[in-house]
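Report on the structure given below.
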Protein chains: 2
Amino acid sequence: MPKNCNFIEKLREVGLRPTKQRVKMCEVLYNREKTFHFTINDLVKLLSEKMNQKISLATVYNTVHAFEKKGYLKEISIDSHKSYFDTNTSAHHHFFDEDTHELIDCDESDIDKINIRKNITGKKINSVEVLVRVASDNQTQK
Amino acid sequence: MPKNCNFIEKLREVGLRPTKQRVKMCEVLYNREKTFHFTINDLVKLLSEKMNQKISLATVYNTVHAFEKKGYLKEISIDSHKSYFDTNTSAHHHFFDEDTHELIDCDESDIDKINIRKNITGKKINSVEVLVRVASDNQTQK
DNA sequence: AATCTACATTATAATAATTCTAAACTATTG
DNA sequence: CAATAGTTTAGAATTATTATAATGTAGATT
Ligand SMILES: [Mn+2]
Ligand SMILES: [Mn+2]
Ligand SMILES: [Zn+2]
Ligand SMILES: [Zn+2]
């Protein structure tokens, strides 16, 4: 979903009614320079800060999952104890900063194309994604 | 942890008392040909099948996390709704079968070495792992 | 071998994340 | 400006996981 686009139109395109809660969530999620990686908790906090009237927790869950189903968000698994979502819905690689627990997209050019030499018989490859775990250089990080 | 090794000794080595529950769990986890990928639920089922006396759920959780802390198990994140563990504790790549929800280790030779061209400034790379999502070739799989 | 003690197991309760429910609300259609 | 289908909401229910505290046991000490 591009920055500053017509969110009402974008929601209609996929059969979602452009309610004020959904439009507000679009603004918070997509009106930014870079890809946004967040947990439900992050999003709830952000929304309550940026809104006069708060959006119910159930609605945040409903809407995030509705956006995911319609291809406007992607769920990312890095830490099994936390559910991350990503406004970049294409297959792409990540750095995960183990100090800050921050997820960062890799640039296309940061990682050479991955070559899968042998696949499971009878299966087709849906996606190939790399996770690079990084941590502070100096400290005695595990 | 190698197959058919002295589990009592292996537990003592890392300061874990070789109780009958822990030894039984070692047998179930490590006495197998291939790497074992499982959820807590899988393991609980397996244990109740293979044992006359059942191991309490709390003990399964405690023990899995104790083994993880001691480096005998590794937690893997593929699906944020489910926690997978892996008896192969080295950094390695996986196929994930989206039809069966099965995790399969890649052979060293299945994937060419990953070349990270640019890393985050001031951070060191702890691990680089690839997840290849596969699904049935024929069916109209998403 | 009996006793001691720190650690482990267990059933159960507590917590946390997520989903469900059903009533009130609202965007769209006619 | 209804009618209606879809949406929001608070709160209850469910699920996975962790905490609690009583009981049990491995390994050490006598
Ligand atoms: Mn989900
Ligand atoms: Mn864990
Ligand atoms: Zn991303
Ligand atoms: Zn593995």
Side-chain angles (χ1 to χ4, degrees), chain A residues 6-29 38-48 51-70 72-73 75-85 101, chain B residues 6-29 38-48 50-70 72-85 101:
Chain A
N6 186 342
F7 295 124
I8 291 180
E9 206 37 61
K10 281 287 178 187
L11 289 170
R12 286 221 175 92
E13 271 175 28
V14 295
L16 293 174
R17 283 191 184 169
T19 63
K20 64 176 181 305
Q21 290 87 346
R22 285 172 178 171
V23 172
K24 188 67 195 178
M25 286 179 67
C26 283
E27 288 166 6
V28 167
L29 291 173
F38 63 94
T39 64
I40 294 281
N41 221 317
D42 295 337
L43 182 56
V44 167
K45 265 189 230 144
L46 252 180
L47 286 166
S48 68
M51 265 192 110
N52 29 1
Q53 180 222 356
K54 85 181 264 288
I55 300 179
S56 138
L57 181 61
T59 301
V60 177
Y61 273 101
N62 288 342
T63 305
V64 164
H65 284 117
F67 285 7
E68 186 190 9
K69 198 179 321 181
K70 298 303 185 175
Y72 287 159
L73 283 177
E75 193 164 6
I76 307 279
S77 297
I78 308 105
D79 179 335
S80 18
H81 306 164
K82 241 184 217 166
S83 208
Y84 284 80
F85 291 87
H101 285 181
Chain B
N6 186 342
F7 295 124
I8 292 180
E9 207 37 61
K10 280 288 179 189
L11 289 170
R12 287 220 175 95
E13 272 175 29
V14 294
L16 291 175
R17 282 193 185 167
T19 63
K20 64 177 181 303
Q21 290 87 346
R22 284 171 178 173
V23 172
K24 188 69 197 179
M25 284 179 68
C26 282
E27 288 167 4
V28 167
L29 291 173
F38 62 94
T39 64
I40 294 281
N41 221 317
D42 296 337
L43 182 55
V44 167
K45 266 190 230 143
L46 252 179
L47 285 167
S48 68
K50 305 221 168 176
M51 267 192 109
N52 28 1
Q53 180 221 356
K54 84 181 266 289
I55 300 179
S56 138
L57 180 62
T59 301
V60 177
Y61 273 100
N62 289 341
T63 304
V64 164
H65 284 117
F67 286 7
E68 186 191 9
K69 197 178 323 181
K70 299 301 184 177
Y72 287 160
L73 283 177
K74 181 179 174 178
E75 194 165 5
I76 306 277
S77 297
I78 307 104
D79 179 335
S80 19
H81 306 164
K82 240 183 218 168
S83 210
Y84 283 81
F85 291 87
H101 285 180

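Lettering of chains follows the sequences in order, A, B, ..., and the numbering in each one begins at 1.
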Distance check needed: [N] [atom2] versus [X] [atom1], whole Å only.
X	N	atom1	atom2	answer
A:Phe38	C:dA17	CZ	P	16 Å
B:Lys82	C:dT18	NZ	P	16 Å
A:His81	C:dT18	NE2	P	12 Å
A:Asn41	C:dT18	CG	C1'	12 Å
A:Asp79	D:dA16	CG	P	18 Å
A:Met51	D:dT8	CE	P	11 Å
A:Met25	D:dT7	CE	C1'	13 Å
A:Ile55	D:dT7	CD1	P	15 Å

Contacts of B:Ser77 that satisfy side-chain contact (heavy atoms from CB on, under 4.5 Å) - sequence neighbours left out |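 Once residues adjacent in sequence are excluded, the partners of B:Ser77 under the side-chain contact (heavy atoms from CB on, under 4.5 Å) criterion are A:Ser77, A:Ser80.
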Just to confirm, is there a sub-4.0 Å distance from OP1 or OP2 of D:dG24 to any side-chain nitrogen or oxygen of B:Gln53?
->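 For D:dG24, neither OP1 nor OP2 has a side-chain N or O of B:Gln53 closer than 4.0 Å.
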Taking only side-chain nitrogens and oxygens of B:His65, does any of them come within less than 4.0 Å of OP1 or OP2 of D:dT18?
->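 Affirmative; the distance criterion is met.
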Do [X] and [Y] come close enough that some side-chain heavy atom pair is under 4.5 Å?
X	Y	answer
B:Leu43	B:Met25	yes
A:Glu68	A:Phe85	yes
B:Leu11	B:Thr19	no

Does B:Leu16 offer a backbone N or O that forms a donor-acceptor pair with the side chain of B:Arg22 under 3.5 Å?
->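 No.
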A:Tyr72 (side chain) donor-acceptor with A:Lys10 (main chain) under 3.5 angstrom =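 At least one qualifying donor-acceptor pair exists.
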Compare the minimum distances between each of D:dA10, C:dA17, C:dT9 and the side chain of A:Tyr61, then state the nucleotide with the smallest one.
->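 Looking only at heavy atoms from C-beta outward on A:Tyr61, the closest nucleotide is C:dA17.
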Counting side-chain heavy atoms from C-beta on, which of C:dT10, D:dT8, D:dT17 comes nearest to B:Ser83?
->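 From the listed options, D:dT17 comes nearest.
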Only one of B:Ile55, B:Val64, B:Val60 clears side-chain contact (heavy atoms from CB on, under 4.5 Å) with B:Val44; which?
->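 The side-chain contact (heavy atoms from CB on, under 4.5 Å) with B:Val44 is passed solely by B:Val60 among B:Ile55, B:Val64, B:Val60.
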DNA chain D: B:Ile8 or B:Leu57, which has the more 5' nearest nucleotide?
->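 The residue whose closest nucleotide sits nearer the 5' end is B:Leu57.
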Selection: residues 9-24 of chain A, any non-hydrogen atom under 4.0 Å of DNA chain D |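 Those residues whose heavy atoms fall under 4.0 Å from DNA chain D, taken from residues 9-24 of chain A in numerical order, are A:Arg17, A:Thr19, A:Gln21, A:Arg22.
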With sugar-phosphate meaning primed atoms plus P, OP1 and OP2, does B:Asn62 contact a base, only sugar-phosphate, or nothing at under 4.0 Å between heavy atoms?
->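 Contact class for B:Asn62: base.
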